[in-house]
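Let me begin by presenting the structure, written as structure tokens, before commenting on it.
Order of appearance sets the numbers: ligands from 1, and atoms from 1 within every ligand.
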Amino acid sequence: MTPALQIGALRKAFGGLPATDNVSLEVMPGERRLIIGPNGAGKTTLFNLITGDLAPDAGTIRLFGEEVSRLRPHRRAHRGLARTYQIITLFPNDTLEHNIALSQLGLSRRRWNTFRALTDYADLYGEARRVLGRVGLEHLARRHISEVSYGEKRRVEIAMALAQNPRLLLLDEPLAGLSREERVGVTQLIAGITREVTVLLIEHDMDTALDLAERITVLHYGSVIVEGTRAEVVADPKTREVYLGDG
Ligand SMILES: Nc1ncnc2c1ncn2[C@@H]1O[C@H](COP(=O)(O)OP(=O)(O)O)[C@@H](O)[C@H]1O
Ligand SMILES: [Mg+2]
């Protein structure tokens, strides 16, 4: 089977310091892969390289068999790649449904046209509400982002990514900063994503995301130091070393 994602000898340095240091990994279609590692381990940089937000210094990135490491981010998105960010990037003074409609316009590269009747965008709002329904937020469609809780904002971001019908979804610390209750809700939401979508999930705290993952990759100083099943990774002394050093 062709991997959903295949990374080979990927490197990226900032000012001479490697953030991604010879990383190779393979994720199979339908897999839920957890990427863990201390702050500064290079987790977000790895996502930025996969999406094309950053250009690698060396190495290869294959999406469903196709080499994409020189493609612009929107071309990778058109091949089925979607992501959420560690820091929430929603427009606080717009409604939930407008935020989602805007993100879909971005993907289709249609531009918001003030001379066009708003009803032309009715399909977008209809779709936005359907997407909000998928994450249990339809009743908040007309609220402003600034009026909803942090956990609800996280759901909106996941909804936006799912609205693109991705084949590979990258979630950067979707549970960070959430209350225990919100974590349960967002974890269930992620667990409920169809297996047609391959999911890569970054989590700083090992315990929280363990339930979701089938395989785990541990990053440390930009390198993969441990990889395997949940049991293998938890049992590996290198994992404990990294997490003890993390204070
Ligand atoms: N755009 C950037 N410019 C310079 N240094 C960066 C940039 N992005 C990340 N870094 C550095 O690369 C390293 C890895 O960062 P990051 O990928 O954000 O780690 P993580 O997500 O695992 O916490 C850190 O030392 C960070 O300071
Ligand atoms: Mg990060």
Side-chain angles (χ1 to χ4, degrees), residues 5 7-27 32-61 68-74 76 81-90 150-151 153-158 160-161 166 168-178 182-183 186-187 190 198-210 212-213 215-228 230 233-234 236 238-247:
L5 175 70
I7 289 172
L10 199 62
R11 289 174 191 277
K12 177 72 184 177
F14 295 109
L17 292 173
T20 303
D21 195 0
N22 202 27
V23 167
S24 297
L25 61 89
E26 232 177 66
V27 182
R32 274 81 181 99
R33 172 72 61 95
L34 176 61
I35 314 249
I36 59 172
N39 271 327
K43 304 181 296 297
T44 298
T45 300
L46 182 62
F47 272 18
N48 286 335
L49 293 169
I50 296 169
T51 58
D53 291 322
L54 283 173
D57 298 332
T60 56
I61 302 166
V68 298
S69 63
R70 284 196 296 269
L71 294 184
R72 314 267 304 161
H74 74 268
R76 301 187 202 190
L81 181 62
R83 77 172 298 177
T84 64
Y85 289 87
Q86 185 171 356
I87 295 163
I88 283 176
T89 56
L90 302 168
Y150 192 77
K153 290 187 185 93
R154 277 285 174 216
R155 281 174 181 273
V156 173
E157 290 200 317
I158 296 170
M160 271 166 56
L168 177 62
L169 175 62
L170 312 182
L171 302 172
D172 195 349
E173 302 209 25
L175 305 173
L178 301 187
E182 287 171 332
R183 271 167 193 256
V186 172
T187 303
I190 296 168
T198 307
V199 181
L200 243 76
L201 176 83
I202 290 175
E203 181 52 49
H204 170 72
D205 178 44
M206 187 142 97
D207 298 328
T208 38
L210 275 185
L212 286 169
R215 292 185 69 80
I216 300 169
T217 301
V218 185
L219 279 182
H220 192 39
Y221 292 118
S223 299
V224 176
I225 59 154
V226 184
E227 188 172 289
R230 196 181 344 186
V233 168
V234 170
D236 196 304
K238 288 197 287 292
T239 309
R240 249 167 286 151
E241 229 172 84
V242 165
Y243 272 86
L244 281 177
D246 191 32

Got a salt bridge between R11 and D21, using NZ or NE/NH1/NH2 to carboxylate O under 4.0 Å?
-> yes
Check the pair L10, D57 against side chain to side chain contact (heavy atoms under 4.5 Å, CB included), reporting the backbone distance first and the verdict last.
-> CA-CA 8 Å; L10 199 62; D57 298 332; over 6 Å; no
Out of G222, G40, A41, A19, indicate the one that has the non-hydrogen atom closest to atom 24 (C) of ligand 1.
-> G40
Got an N/O contact under 3.5 Å between K43 and ligand 1?
-> yes
Atoms in ligand 1 flagged as close to P38, the criterion being non-hydrogen separation under 4.0 Å | 22 (O)
Is it true that G15 lies under 4.0 Å from ligand 1, counting heavy atoms only?
-> no
L46 vs L25 side-chain heavy atoms within contact, under 4.5 Å = yes
Can you pull out the closest protein heavy atom to atom 19 (O) of ligand 1? Residue, atom name and distance to 0.1 Å, please.
-> G42 N, 3.2 Å
R154 bridged to E173 by N-O distance under 4.0 Å | no
Side chains of D172 and T44: donor-acceptor distance under 3.5 Å anywhere?
-> yes
Counting only heavy atoms on the protein side, is anything nearer than 4.0 Å to atom 26 (C) of ligand 1?
-> no
Any N/O/S atom, backbone or side chain, of T45 lying under 2.8 Å from the Mg ion (ligand 2)?
-> no
Just wondering, do Y85 and D53 contact through their side chains at under 4.5 Å, heavy atoms?
-> yes
Quick one: look up the protein heavy atom nearest atom 3 (N) of ligand 1 and list residue, atom name and how far away it is.
-> F14 CD2, 3.4 Å
Exam field: side chain R76 to backbone I50, donor-acceptor pair closer than 3.5 Å = yes
Under 3.5 Å, side chain of K12 to main-chain N/O of A55, donor-acceptor pair present?
-> yes
Using 2.8 Å as a strict upper limit, say whether an N, O or S atom of Q86 approaches the Mg ion (ligand 2) that closely.
-> yes
Nearest-contact summary for atom 18 (O) of ligand 1 - protein heavy atom, Å | T44 CB, 3.8 Å
Would you say atom 21 (O) of ligand 1 has a protein heavy atom nearer than 4.0 Å?
-> yes
T45 heavy atoms, cut-off 4.0 Å: which ligand 1 atoms fall inside?
-> 9 (C), 14 (C), 15 (O), 16 (P), 17 (O)
